[in-house]
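Here the structure is laid out as structure tokens; the discussion comes afterwards.
Every chain is numbered from 1 and lettered A, B, ... according to where its sequence line falls, protein lines coming before strand lines.
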Amino acid sequence: MPFQFNLIKKDTGTSARLGQMTTAHGIVDTPAFMPVGTQATVKSLTPEQIRTCGAQIILGNTYHLYLRPGHETIKKLGGLHKFMNWPGPILTDSGGFQVYSLGKLRKITDDGVIFQSHIDGSKHFLTPKKALEIQEALGSDIMMCLDECTPYPATFAQTQKSLALTMEWAKLCKEAKTNPEQALFGIVQGGTYLDLRRQAVEEILPLNFDGYALGGVSVGEPKEIMYAIAETITPLLPEDKPRYLMGVGTPEDIVYGVSCGIDMFDCVIPTRSARHGLLFTNSEKIVIKNARFREDDAPIDETCDCYTCRNFSRAYLRHLYIAGEILAMVLNTIHNVHYYMRLLEQIRAALEENCFTQFKNTFMKKGGGV
RNA sequence: GGAGGGGUUCCCGAGCGGCCAAAGGGAGCAGACUGUAAAUCUGCCGGCGGAGCCUACGGAGGUUCGAAUCCUCCCCCCUCCA
């Protein structure tokens, strides 16, 4: 079953879209949020819990899984889906983000990236072809091109050079692709320079990818810049292909991104924040370790129907967190992922009912969820 | 009864004449986190509005320009011997 994207509906007041992706491992309703499961696990959750939270698709990471346990191992064991017992769709990031985040441990050449493993210091050469080979071995439903996530700040010249490399790699990734069952997305870079972003779109469209991502955002640039990129560049992407804003973001960012015509998001915020005790609600910011919750018998969010909110008090969750109990991470992550999934459900429902603009305005007025 | 060791800021614990409001932990309080090197990281943590002053290193005296640090006595605690 080849990858497919169906545009169901376009919003009238904004550039938002309602759609559906069909992958080899199932359907994904868009706009969609994809919990991040870098090392073949959405940290602290079982696949069943991820599913119960409402997630349809999750992320895995090429670089991390290549280093450990090794893509060949995963392939031998039946692929990433079977390995981690997640039967649904998986998108794998290419390792492009690690080019950025592991800056001190890598060297970029025209042909690829020489990484020094953050685990044991060993050297590895990740090329566009290799990135595809690994992702095909993992068997993900959506593969990403190897790119250079341009850091912020970067001069025009640096960004231009970085973009050229990403574009060259995009071609090589496209050529390296062999499995028709797996989709491959191209990534639009160009840093904070809209001209370069436009140029990137022009150059990448002829490569005819299954979807297009905006990368290199949420790397420390001012929020207005990210918003300007999403607003200006997204409409330039083909209407009949999914658009993915990589690494974004806060609930507010997501609502904004949807209004710009973005269909897919991924971010570590809900999971990492949960582990660090920051919980999302519709009305206030909950830093569960704060003393004010010591004797608070209420759930995190009265309006939330997640497992955590249905069964536990803030006081108990605070206790678990302060005590360093593993369950704190589990319960907090369940809540946050559920919150994100519910947010996306609400967005899709609003689009369905032609009231997305109203939803967006109300949501932003409330402070964007946190 | 004899011989040693020790009492330090909420707790543990370093300091053993000035650079000490006193290392380092812990606890406590707060903050950060955006394609995950993150169950991580950062800040605050005696009092008073700051430069500064006051109160603090078991208690009371003393030596000294200056004492948590040296001396005397006292009060507790621990170990060993009888």
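Across all strands shown, C20(B) forms no Watson-Crick or G-U wobble pair with both distances under 3.5 Å. Shown here, U55(B) forms no base pair; nothing in the strands shown gives a Watson-Crick or G-U wobble contact with both key distances under 3.5 Å. Across all strands shown, C78(B) is found opposite G4(B) as a Watson-Crick or G-U wobble partner, with both distances under 3.5 Å. A 3.5 Å limit on both hydrogen-bonding distances identifies G28(B) as the Watson-Crick or G-U partner of C44(B). Across every strand in view, U9(B) sits unpaired, with no contact that passes the Watson-Crick or G-U test at under 3.5 angstrom. Across all strands shown, A67(B) forms no Watson-Crick or G-U wobble pair with both key distances under 3.5 Å.
G46(B) sits 23 Å from A60(B) when the P atoms are compared, rounded to a whole Å. If you take atom C1' in C81(B) and the same atom in C16(B), they sit 29 Å apart, rounded to whole Å. Rounded to the nearest Å, the gap between the C1' atom of G5(B) and that of U55(B) is 30 Å. Nucleotides U63(B) and U72(B), compared at atom P, are 15 Å apart to the nearest Å.
Counting any heavy atom pair closer than 4.0 Å across all strands shown, Asp147(A) reaches a base atom. Counting non-hydrogen atoms under 4.0 angstrom, Leu91(A) reaches nothing in the nucleic acid.
Where Gly249(A) and Arg292(A) each meet RNA chain B at their nearest nucleotide, the meeting point lying more 5' is that of Arg292(A). Comparing Cys267(A) and Gly324(A), the nucleotide of RNA chain B nearest to each residue sits closer to the 5' end for Cys267(A).
Taking atom OH on Tyr340(A) and atom P on U34(B), their separation rounds to 11 Å, with Å as the unit. Distance CG (Leu214(A)) to P (U34(B)): 19 Å, rounded to an integer number of Å.
The shortest distance between the side-chain N/O atoms of Gln98(A) and the OP1/OP2 oxygens of G35(B) is not below 4.0 Å. Residue Arg318(A) has a polar side-chain atom (N or O) positioned under 4.0 Å from OP1 or OP2 of C29(B). Put simply, Asn290(A) has no side-chain N or O that comes within less than 4.0 Å of OP1 or OP2 on C29(B). The side chain of Arg294(A) contributes an N or O atom lying less than 4.0 Å from OP1 or OP2 of C29(B).
Under the 4.5 Å side-chain contact rule for hydrophobic residues, Ile187(A) and Met143(A) do not share a cluster.
The aromatic ring of His276(A) sits over the base of U40(B), with ring centres less than 5.5 Å apart and planes tilted by under 30°.
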